[in-house]
Enquirer: 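First the structure, then my questions, so here it is.
Residue numbers begin at 1 in each chain, while the letters A, B, ... track the order of the sequences.
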2 protein chains.
Amino acid sequence: MTARGPGRPTGGGDRRADILAAARAEFAANGFDRATIRGIARSAGVDAALVHHYFGTKQEIFAAAVEFPFDIATGLQTVFGGAPDGIGERLVRFFLGVWENPDSRRPVLAVLRSAMSQEQAAAMLREFVTAALLTPGAASLDVPTEEGRLRMELAVSQLMGVAVLRYVIGVQPLASTTVEELVTRLAPVVQAHFDGGCKGVAGG
Amino acid sequence: MTARGPGRPTGGGDRRADILAAARAEFAANGFDRATIRGIARSAGVDAALVHHYFGTKQEIFAAAVEFPFDIATGLQTVFGGAPDGIGERLVRFFLGVWENPDSRRPVLAVLRSAMSQEQAAAMLREFVTAALLTPGAASLDVPTEEGRLRMELAVSQLMGVAVLRYVIGVQPLASTTVEELVTRLAPVVQAHFDGGCKGVAGG
DNA sequence: GTCTATATCGTGATAGAC
DNA sequence: GTCTATCACGATATAGAC
(Lines give C-alpha, C1' and ligand atoms only; values in the text may rest on other atoms or scores of the structure.)
Protein backbone atom coordinates (compact mmCIF):
# COMPACT_ATOMS: atom_id res chain seq x y z
CA MET A 1 0.00 0.00 0.00
CA THR A 2 2.61 2.54 -0.90
CA ALA A 3 0.48 4.26 -3.50
CA ARG A 4 -1.52 7.17 -2.17
CA GLY A 5 -4.63 8.09 -4.06
CA PRO A 6 -6.01 11.60 -4.10
CA GLY A 7 -8.45 12.43 -1.36
CA ARG A 8 -7.02 9.77 0.93
CA PRO A 9 -9.32 8.87 3.80
CA THR A 10 -6.95 9.32 6.73
CA GLY A 11 -7.99 12.97 6.90
CA GLY A 12 -4.52 14.48 6.83
CA GLY A 13 -1.91 14.75 9.55
CA ASP A 14 0.60 12.61 7.74
CA ARG A 15 1.92 15.11 5.21
CA ARG A 16 1.80 17.77 7.84
CA ALA A 17 4.23 15.83 9.99
CA ASP A 18 6.48 15.29 6.98
CA ILE A 19 6.48 19.01 6.29
CA LEU A 20 7.26 19.85 9.89
CA ALA A 21 10.17 17.40 9.97
CA ALA A 22 11.49 18.76 6.69
CA ALA A 23 11.16 22.31 7.97
CA ARG A 24 13.15 21.43 11.09
CA ALA A 25 15.90 19.96 8.96
CA GLU A 26 16.00 22.85 6.50
CA PHE A 27 15.96 25.59 9.13
CA ALA A 28 18.60 23.76 11.14
CA ALA A 29 20.81 23.27 8.11
CA ASN A 30 20.51 26.72 6.59
CA GLY A 31 19.04 29.16 9.09
CA PHE A 32 15.92 31.22 8.50
CA ASP A 33 17.09 33.24 5.51
CA ARG A 34 18.62 30.53 3.36
CA ALA A 35 15.91 27.99 4.08
CA THR A 36 13.17 28.18 1.45
CA ILE A 37 9.56 27.06 1.34
CA ARG A 38 10.30 25.30 -1.93
CA GLY A 39 13.22 23.48 -0.37
CA ILE A 40 11.13 22.35 2.58
CA ALA A 41 8.39 21.18 0.24
CA ARG A 42 10.84 19.31 -1.99
CA SER A 43 12.45 17.69 1.03
CA ALA A 44 9.05 16.62 2.32
CA GLY A 45 7.94 15.35 -1.07
CA VAL A 46 4.99 17.71 -1.32
CA ASP A 47 4.07 20.86 -3.17
CA ALA A 48 5.18 24.25 -1.90
CA ALA A 49 1.63 25.50 -1.70
CA LEU A 50 0.78 22.77 0.77
CA VAL A 51 3.33 24.16 3.19
CA HIS A 52 1.53 27.48 3.16
CA HIS A 53 -1.80 25.72 3.43
CA TYR A 54 -0.84 24.06 6.70
CA PHE A 55 1.38 26.62 8.35
CA GLY A 56 0.80 30.03 6.75
CA THR A 57 3.73 32.39 6.35
CA LYS A 58 7.39 31.50 6.51
CA GLN A 59 7.65 33.05 9.97
CA GLU A 60 4.84 30.81 11.20
CA ILE A 61 6.50 27.72 9.76
CA PHE A 62 9.68 28.71 11.57
CA ALA A 63 7.85 29.21 14.84
CA ALA A 64 6.22 25.79 14.50
CA ALA A 65 9.49 24.13 13.55
CA VAL A 66 11.52 25.36 16.49
CA GLU A 67 9.01 24.51 19.16
CA PHE A 68 10.87 22.05 21.29
CA PRO A 69 9.55 18.51 20.84
CA PHE A 70 10.47 17.67 24.43
CA ASP A 71 9.81 19.25 27.77
CA ILE A 72 12.89 21.30 28.38
CA ALA A 73 11.60 22.69 31.65
CA THR A 74 11.62 19.22 33.18
CA GLY A 75 15.23 18.67 32.26
CA LEU A 76 16.25 21.98 33.73
CA GLN A 77 14.37 21.27 36.94
CA THR A 78 16.72 18.34 37.39
CA VAL A 79 19.71 20.55 36.67
CA PHE A 80 18.84 23.26 39.15
CA GLY A 81 17.01 21.10 41.67
CA GLY A 82 19.88 18.97 42.93
CA ALA A 83 22.88 19.72 45.07
CA PRO A 84 24.35 23.18 44.35
CA ASP A 85 27.89 21.92 43.88
CA GLY A 86 26.74 19.62 41.08
CA ILE A 87 24.96 22.23 39.01
CA GLY A 88 27.99 22.74 36.78
CA GLU A 89 28.26 19.13 35.73
CA ARG A 90 24.50 18.63 35.40
CA LEU A 91 24.14 21.75 33.27
CA VAL A 92 27.02 20.72 31.01
CA ARG A 93 25.57 17.23 30.60
CA PHE A 94 22.10 18.56 29.89
CA PHE A 95 23.39 21.09 27.37
CA LEU A 96 25.59 18.62 25.52
CA GLY A 97 22.81 16.05 25.64
CA VAL A 98 20.48 18.39 23.80
CA TRP A 99 23.12 19.10 21.17
CA GLU A 100 24.26 15.51 20.69
CA ASN A 101 20.77 14.19 20.00
CA PRO A 102 19.80 15.01 16.39
CA ASP A 103 16.12 15.37 17.25
CA SER A 104 16.74 18.08 19.81
CA ARG A 105 19.75 19.55 18.02
CA ARG A 106 17.74 20.54 14.96
CA PRO A 107 15.49 23.10 16.68
CA VAL A 108 18.26 24.69 18.73
CA LEU A 109 20.58 24.79 15.74
CA ALA A 110 17.85 26.45 13.71
CA VAL A 111 17.29 29.06 16.40
CA LEU A 112 21.00 29.72 16.88
CA ARG A 113 21.70 30.03 13.16
CA SER A 114 18.73 32.29 12.60
CA ALA A 115 19.24 34.39 15.72
CA MET A 116 22.49 35.72 14.30
CA SER A 117 20.78 37.81 11.65
CA GLN A 118 17.06 37.66 12.33
CA GLU A 119 15.64 39.77 15.10
CA GLN A 120 12.64 37.53 15.77
CA ALA A 121 14.84 34.50 16.21
CA ALA A 122 17.21 36.54 18.37
CA ALA A 123 14.27 37.51 20.55
CA MET A 124 13.24 33.87 20.83
CA LEU A 125 16.73 32.89 21.92
CA ARG A 126 16.93 35.83 24.31
CA GLU A 127 13.65 34.91 25.92
CA PHE A 128 14.51 31.24 26.12
CA VAL A 129 17.88 31.92 27.73
CA THR A 130 16.29 34.33 30.16
CA ALA A 131 13.27 32.27 31.13
CA ALA A 132 14.67 28.76 31.03
CA LEU A 133 18.24 29.31 32.16
CA LEU A 134 18.94 32.66 33.78
CA THR A 135 15.91 33.01 35.99
CA PRO A 136 15.88 29.51 37.53
CA GLY A 137 19.67 29.48 37.66
CA ALA A 138 19.91 32.82 39.40
CA ALA A 139 17.12 31.84 41.77
CA SER A 140 19.04 28.78 42.92
CA LEU A 141 21.96 30.97 43.97
CA ASP A 142 22.23 32.70 47.30
CA VAL A 143 23.23 36.07 45.83
CA PRO A 144 21.35 39.15 44.58
CA THR A 145 19.36 38.56 41.40
CA GLU A 146 21.52 40.77 39.19
CA GLU A 147 24.70 39.08 40.36
CA GLY A 148 23.18 35.63 39.91
CA ARG A 149 22.04 36.41 36.39
CA LEU A 150 25.46 37.64 35.38
CA ARG A 151 27.09 34.50 36.74
CA MET A 152 24.61 32.36 34.84
CA GLU A 153 25.19 34.33 31.66
CA LEU A 154 28.92 33.79 31.84
CA ALA A 155 28.38 30.08 32.41
CA VAL A 156 25.94 29.93 29.49
CA SER A 157 28.44 31.89 27.39
CA GLN A 158 30.97 29.12 27.88
CA LEU A 159 28.49 26.52 26.68
CA MET A 160 27.13 28.64 23.86
CA GLY A 161 30.65 29.20 22.58
CA VAL A 162 31.31 25.48 22.63
CA ALA A 163 28.12 24.95 20.64
CA VAL A 164 29.23 27.48 18.02
CA LEU A 165 32.75 26.14 17.61
CA ARG A 166 31.87 22.46 17.91
CA TYR A 167 28.55 22.13 16.12
CA VAL A 168 28.44 25.06 13.71
CA ILE A 169 32.00 26.02 12.79
CA GLY A 170 33.38 22.55 13.37
CA VAL A 171 36.87 23.43 14.55
CA GLN A 172 39.19 20.57 15.42
CA PRO A 173 39.88 18.88 17.77
CA LEU A 174 36.92 20.30 19.68
CA ALA A 175 34.41 18.99 17.15
CA SER A 176 35.52 15.37 17.64
CA THR A 177 36.19 15.36 21.37
CA THR A 178 34.04 12.93 23.34
CA VAL A 179 31.21 14.20 25.50
CA GLU A 180 32.76 12.74 28.65
CA GLU A 181 36.02 14.54 27.97
CA LEU A 182 34.13 17.81 27.52
CA VAL A 183 32.16 17.25 30.71
CA THR A 184 35.40 16.71 32.60
CA ARG A 185 36.88 19.95 31.30
CA LEU A 186 33.81 22.16 31.29
CA ALA A 187 31.96 21.20 34.46
CA PRO A 188 34.49 22.78 36.86
CA VAL A 189 34.60 26.00 34.84
CA VAL A 190 30.83 26.32 34.68
CA GLN A 191 30.61 25.51 38.37
CA ALA A 192 33.23 28.18 39.07
CA HIS A 193 31.12 30.79 37.30
CA PHE A 194 28.25 29.66 39.47
CA ASP A 195 30.28 29.99 42.62
CA GLY A 196 31.45 33.47 41.70
CA GLY A 197 34.62 32.98 39.71
CA CYS A 198 37.76 30.98 39.35
CA LYS A 199 39.80 33.36 41.45
CA GLY A 200 40.44 30.82 44.14
CA VAL A 201 42.43 28.69 41.74
CA ALA A 202 45.56 30.64 42.48
CA GLY A 203 45.42 29.25 45.97
CA GLY A 204 46.08 32.59 47.65
CA MET B 1 33.67 72.74 -3.47
CA THR B 2 31.10 70.27 -2.36
CA ALA B 3 29.65 69.82 -5.84
CA ARG B 4 31.12 66.94 -7.76
CA GLY B 5 31.05 67.14 -11.51
CA PRO B 6 31.13 64.09 -13.72
CA GLY B 7 34.56 62.80 -14.59
CA ARG B 8 36.06 64.25 -11.46
CA PRO B 9 39.82 64.62 -11.60
CA THR B 10 40.77 62.92 -8.36
CA GLY B 11 40.92 59.64 -10.21
CA GLY B 12 38.56 57.70 -7.95
CA GLY B 13 39.17 56.18 -4.57
CA ASP B 14 36.61 58.29 -2.81
CA ARG B 15 33.43 56.48 -3.74
CA ARG B 16 35.22 53.19 -3.44
CA ALA B 17 35.98 53.92 0.20
CA ASP B 18 32.37 54.94 0.78
CA ILE B 19 31.18 51.68 -0.71
CA LEU B 20 33.61 49.66 1.37
CA ALA B 21 32.51 51.39 4.56
CA ALA B 22 28.86 50.86 3.67
CA ALA B 23 29.53 47.20 2.90
CA ARG B 24 31.19 46.74 6.29
CA ALA B 25 28.18 48.26 8.01
CA GLU B 26 25.63 46.26 6.02
CA PHE B 27 27.39 42.91 6.39
CA ALA B 28 27.94 43.54 10.09
CA ALA B 29 24.34 44.50 10.63
CA ASN B 30 22.68 41.80 8.57
CA GLY B 31 25.13 39.03 7.78
CA PHE B 32 25.98 37.85 4.29
CA ASP B 33 22.57 36.64 3.23
CA ARG B 34 20.42 39.54 4.32
CA ALA B 35 22.86 42.19 3.20
CA THR B 36 22.11 43.31 -0.35
CA ILE B 37 24.15 45.02 -3.03
CA ARG B 38 21.37 47.54 -3.45
CA GLY B 39 21.32 48.20 0.25
CA ILE B 40 25.06 48.77 0.30
CA ALA B 41 24.80 51.10 -2.68
CA ARG B 42 21.93 53.03 -1.14
CA SER B 43 23.81 53.35 2.12
CA ALA B 44 26.89 54.60 0.26
CA GLY B 45 24.86 57.01 -1.86
CA VAL B 46 25.89 55.44 -5.14
CA ASP B 47 24.38 53.22 -7.78
CA ALA B 48 24.28 49.47 -7.33
CA ALA B 49 26.18 48.90 -10.53
CA LEU B 50 29.11 50.85 -9.18
CA VAL B 51 29.49 48.34 -6.37
CA HIS B 52 29.92 45.57 -8.90
CA HIS B 53 32.20 47.75 -10.96
CA TYR B 54 34.65 48.15 -8.10
CA PHE B 55 34.41 44.83 -6.30
CA GLY B 56 32.86 42.25 -8.61
CA THR B 57 30.58 39.63 -7.11
CA LYS B 58 28.90 39.75 -3.73
CA GLN B 59 31.36 37.20 -2.37
CA GLU B 60 34.25 39.44 -3.41
CA ILE B 61 32.67 42.46 -1.75
CA PHE B 62 32.29 40.41 1.40
CA ALA B 63 35.89 39.29 1.29
CA ALA B 64 37.04 42.89 0.84
CA ALA B 65 34.75 44.15 3.61
CA VAL B 66 35.90 41.74 6.30
CA GLU B 67 39.61 42.17 5.76
CA PHE B 68 40.80 43.47 9.06
CA PRO B 69 41.74 47.13 8.90
CA PHE B 70 44.38 46.62 11.60
CA ASP B 71 47.18 44.19 12.11
CA ILE B 72 45.66 41.56 14.29
CA ALA B 73 48.80 39.46 14.31
CA THR B 74 50.69 42.21 16.12
CA GLY B 75 48.09 42.38 18.85
CA LEU B 76 48.16 38.63 19.35
CA GLN B 77 51.94 38.61 19.54
CA THR B 78 51.56 40.81 22.58
CA VAL B 79 48.98 38.44 24.03
CA PHE B 80 51.02 35.27 23.63
CA GLY B 81 54.46 36.82 23.97
CA GLY B 82 54.36 37.91 27.59
CA ALA B 83 54.36 36.03 30.85
CA PRO B 84 52.35 32.77 30.62
CA ASP B 85 50.29 33.46 33.72
CA GLY B 86 49.01 36.70 32.19
CA ILE B 87 47.78 35.22 28.92
CA GLY B 88 44.25 34.89 30.21
CA GLU B 89 43.86 38.55 31.07
CA ARG B 90 45.70 39.80 27.99
CA LEU B 91 43.58 37.60 25.71
CA VAL B 92 40.35 38.77 27.33
CA ARG B 93 41.42 42.41 27.05
CA PHE B 94 42.43 42.00 23.43
CA PHE B 95 39.23 40.19 22.53
CA LEU B 96 36.94 42.68 24.24
CA GLY B 97 39.00 45.54 22.80
CA VAL B 98 38.31 44.32 19.28
CA TRP B 99 34.61 44.01 20.00
CA GLU B 100 34.22 47.31 21.84
CA ASN B 101 35.75 49.39 19.05
CA PRO B 102 33.15 49.90 16.29
CA ASP B 103 35.77 49.94 13.55
CA SER B 104 37.08 46.51 14.41
CA ARG B 105 33.74 45.17 15.61
CA ARG B 106 32.12 45.56 12.22
CA PRO B 107 34.30 43.03 10.36
CA VAL B 108 34.24 40.40 13.09
CA LEU B 109 30.51 40.84 13.58
CA ALA B 110 30.02 40.39 9.85
CA VAL B 111 32.08 37.22 9.83
CA LEU B 112 30.37 35.80 12.92
CA ARG B 113 26.88 36.54 11.65
CA SER B 114 27.64 35.12 8.22
CA ALA B 115 29.55 32.09 9.47
CA MET B 116 26.39 30.72 11.03
CA SER B 117 24.77 29.91 7.71
CA GLN B 118 27.37 30.49 5.04
CA GLU B 119 30.08 27.91 4.53
CA GLN B 120 32.63 30.32 3.07
CA ALA B 121 32.33 32.63 6.05
CA ALA B 122 32.48 29.64 8.37
CA ALA B 123 35.69 28.57 6.69
CA MET B 124 37.10 32.07 7.12
CA LEU B 125 36.28 32.02 10.82
CA ARG B 126 37.63 28.49 11.19
CA GLU B 127 40.90 29.43 9.52
CA PHE B 128 41.23 32.65 11.47
CA VAL B 129 40.61 30.94 14.79
CA THR B 130 43.04 28.19 13.89
CA ALA B 131 45.85 30.32 12.49
CA ALA B 132 45.63 33.40 14.69
CA LEU B 133 44.52 31.91 18.00
CA LEU B 134 44.90 28.16 18.29
CA THR B 135 48.28 27.67 16.72
CA PRO B 136 50.18 30.45 18.51
CA GLY B 137 48.27 29.79 21.71
CA ALA B 138 48.98 26.07 21.69
CA ALA B 139 52.62 26.73 20.81
CA SER B 140 53.05 28.91 23.89
CA LEU B 141 51.98 26.01 26.10
CA ASP B 142 54.27 23.29 27.35
CA VAL B 143 51.93 20.44 26.42
CA PRO B 144 51.38 18.27 23.33
CA THR B 145 49.92 20.18 20.37
CA GLU B 146 46.55 18.43 20.42
CA GLU B 147 46.10 19.09 24.12
CA GLY B 148 47.16 22.71 23.73
CA ARG B 149 44.73 23.29 20.87
CA LEU B 150 41.83 21.85 22.83
CA ARG B 151 42.63 24.08 25.80
CA MET B 152 42.77 27.10 23.54
CA GLU B 153 39.49 26.16 21.91
CA LEU B 154 37.73 25.94 25.24
CA ALA B 155 39.15 29.34 26.19
CA VAL B 156 38.07 30.81 22.86
CA SER B 157 34.66 29.20 23.32
CA GLN B 158 34.19 31.20 26.49
CA LEU B 159 34.99 34.44 24.71
CA MET B 160 33.01 33.57 21.59
CA GLY B 161 29.98 32.82 23.72
CA VAL B 162 30.31 36.18 25.45
CA ALA B 163 30.46 37.85 22.04
CA VAL B 164 27.27 36.09 20.94
CA LEU B 165 25.27 36.86 24.06
CA ARG B 166 26.62 40.37 24.62
CA TYR B 167 26.99 41.81 21.14
CA VAL B 168 24.55 39.82 19.00
CA ILE B 169 21.71 38.59 21.20
CA GLY B 170 22.06 41.42 23.70
CA VAL B 171 21.01 39.62 26.87
CA GLN B 172 20.96 41.62 30.08
CA PRO B 173 22.83 42.35 32.30
CA LEU B 174 25.76 40.96 30.29
CA ALA B 175 25.25 43.40 27.46
CA SER B 176 25.66 46.42 29.70
CA THR B 177 28.38 45.16 32.04
CA THR B 178 31.59 47.19 31.96
CA VAL B 179 34.67 45.84 30.24
CA GLU B 180 36.69 45.94 33.47
CA GLU B 181 34.07 43.89 35.27
CA LEU B 182 34.15 41.32 32.49
CA VAL B 183 37.94 41.19 32.53
CA THR B 184 37.85 40.54 36.27
CA ARG B 185 35.43 37.67 35.86
CA LEU B 186 36.68 36.14 32.63
CA ALA B 187 40.47 36.37 32.89
CA PRO B 188 40.80 33.70 35.61
CA VAL B 189 38.53 31.30 33.75
CA VAL B 190 40.35 31.74 30.46
CA GLN B 191 43.65 31.37 32.28
CA ALA B 192 42.37 28.20 33.93
CA HIS B 193 41.59 26.67 30.54
CA PHE B 194 45.10 27.56 29.55
CA ASP B 195 46.56 25.90 32.62
CA GLY B 196 44.56 22.74 32.06
CA GLY B 197 41.33 23.29 33.91
CA CYS B 198 39.69 24.69 36.97
CA LYS B 199 39.92 21.45 38.89
CA GLY B 200 42.29 22.83 41.48
CA VAL B 201 39.65 25.29 42.61
CA ALA B 202 38.23 22.75 44.99
CA GLY B 203 41.44 23.06 46.91
CA GLY B 204 41.82 19.30 47.47
C1' DG C 1 -6.78 17.61 0.99
C1' DT C 2 -3.70 18.36 -2.75
C1' DC C 3 -1.57 20.48 -6.57
C1' DT C 4 -1.21 23.74 -10.97
C1' DA C 5 -0.67 28.17 -12.32
C1' DT C 6 0.50 32.60 -11.57
C1' DA C 7 0.89 37.32 -9.47
C1' DT C 8 4.30 40.18 -7.50
C1' DC C 9 8.41 41.30 -5.84
C1' DG C 10 13.53 41.75 -4.94
C1' DT C 11 17.78 39.84 -5.91
C1' DG C 12 22.67 39.52 -8.33
C1' DA C 13 24.67 40.63 -12.35
C1' DT C 14 25.57 42.67 -17.11
C1' DA C 15 25.64 45.81 -21.21
C1' DG C 16 26.30 50.00 -22.61
C1' DA C 17 25.29 55.19 -22.75
C1' DC C 18 27.48 59.47 -21.16
C1' DG D 1 34.19 56.97 -13.37
C1' DT D 2 29.33 56.86 -12.99
C1' DC D 3 24.70 55.68 -13.81
C1' DT D 4 20.35 53.97 -16.66
C1' DA D 5 18.15 50.10 -18.19
C1' DT D 6 17.44 45.50 -18.22
C1' DC D 7 18.06 40.41 -17.98
C1' DA D 8 17.38 36.09 -15.71
C1' DC D 9 16.34 34.02 -11.75
C1' DG D 10 14.15 32.48 -7.47
C1' DA D 11 11.59 33.95 -3.66
C1' DT D 12 6.87 34.29 -0.93
C1' DA D 13 2.32 34.05 -1.36
C1' DT D 14 -2.34 33.53 -3.41
C1' DA D 15 -6.32 31.95 -6.33
C1' DG D 16 -8.57 28.36 -7.75
C1' DA D 17 -9.06 23.74 -10.30
C1' DC D 18 -9.72 18.87 -9.11
Enquirer: Arg15(B) has a side chain; which of dT2(C), dA15(D), dC3(D) sits nearest to it?
Expert: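 Taking heavy atoms from C-beta onward, the closest nucleotide is dC3(D).
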
Enquirer: Under 4.0 Å between a side-chain N/O of Tyr54(B) and OP1 or OP2 of dT2(D), yes or no?
Expert: yes

Enquirer: To the nearest angstrom, how far is Gln59(B) atom CD from dA13(C) atom C1'?
Expert: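 From Gln59(B) CD to dA13(C) C1': 14 Å.
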
Enquirer: If we only count heavy atoms from C-beta on, is the Phe27(A) to Arg113(A) side-chain gap below 4.5 Å?
Expert: no

Enquirer: Show your reasoning for whether side chain to side chain contact (heavy atoms under 4.5 Å, CB included) applies to Leu20(B) and Ile61(B).
Expert: CA-CA 8 Å; Leu20(B) 200 57; Ile61(B) 305 167; 5.9 Å; no

Enquirer: Which atoms of nucleotides 8-12 of chain C (N or O only) lie under 3.5 Å from a protein N or O atom, and what are those distances?
Expert:
residue	atom	partner	partner atom	Å
dG12(C)	OP1	Lys58(B)	NZ	3.2
dG12(C)	OP2	Ile37(B)	N	3.0
dG12(C)	N7	Arg38(B)	NH1	2.8

Enquirer: For Glu153(A) and Ser157(A), which I'm curious about, is there any donor-acceptor pair between the side chains at under 3.5 Å?
Expert: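 No, no side-chain donor-acceptor pair sits under 3.5 Å.
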
Enquirer: Would you please confirm or rule out a distance under 4.0 Å between OP1 or OP2 of dG1(D) and any side-chain N or O of Arg16(B)?
Expert: no

Enquirer: Please report the interatomic distance CG(Leu96(B)) to OH(Tyr167(B)), rounded to the nearest 0.5 Å.
Expert: 5.0 Å

Enquirer: Could you state the CG-P distance from Leu50(B) to dT2(D), rounded to the nearest angstrom?
Expert: 5 Å

Enquirer: In whole angstroms, how far is the P atom of dG16(D) from the NE2 atom of His53(A)?
Expert: 16 Å

Enquirer: Over how many whole Å does the gap from Phe55(B) atom CZ to dG1(D) atom P extend?
Expert: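 The answer, rounded to whole Å, is 13 Å.
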
Enquirer: Rounded to whole Å, how long is the line connecting atom CD1 of Ile40(A) with atom C1' of dA13(D)?
Expert: 14 Å

Enquirer: Let me confirm one number: the OG-CZ distance from Ser114(A) to Phe62(A), rounded to the nearest 0.5 Å.
Expert: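 Rounded to the nearest 0.5 Å, the OG-CZ separation comes out at 3.5 Å.
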
Enquirer: Nearest-Å distance, CD1 (Ile19(B)) to P (dC3(D))?
Expert: 9 Å

Enquirer: Got a sec, which residues hit side chain to side chain donor-acceptor pair (under 3.5 Å) with Thr178(A), two or more places apart in sequence or on another chain?
Expert: none

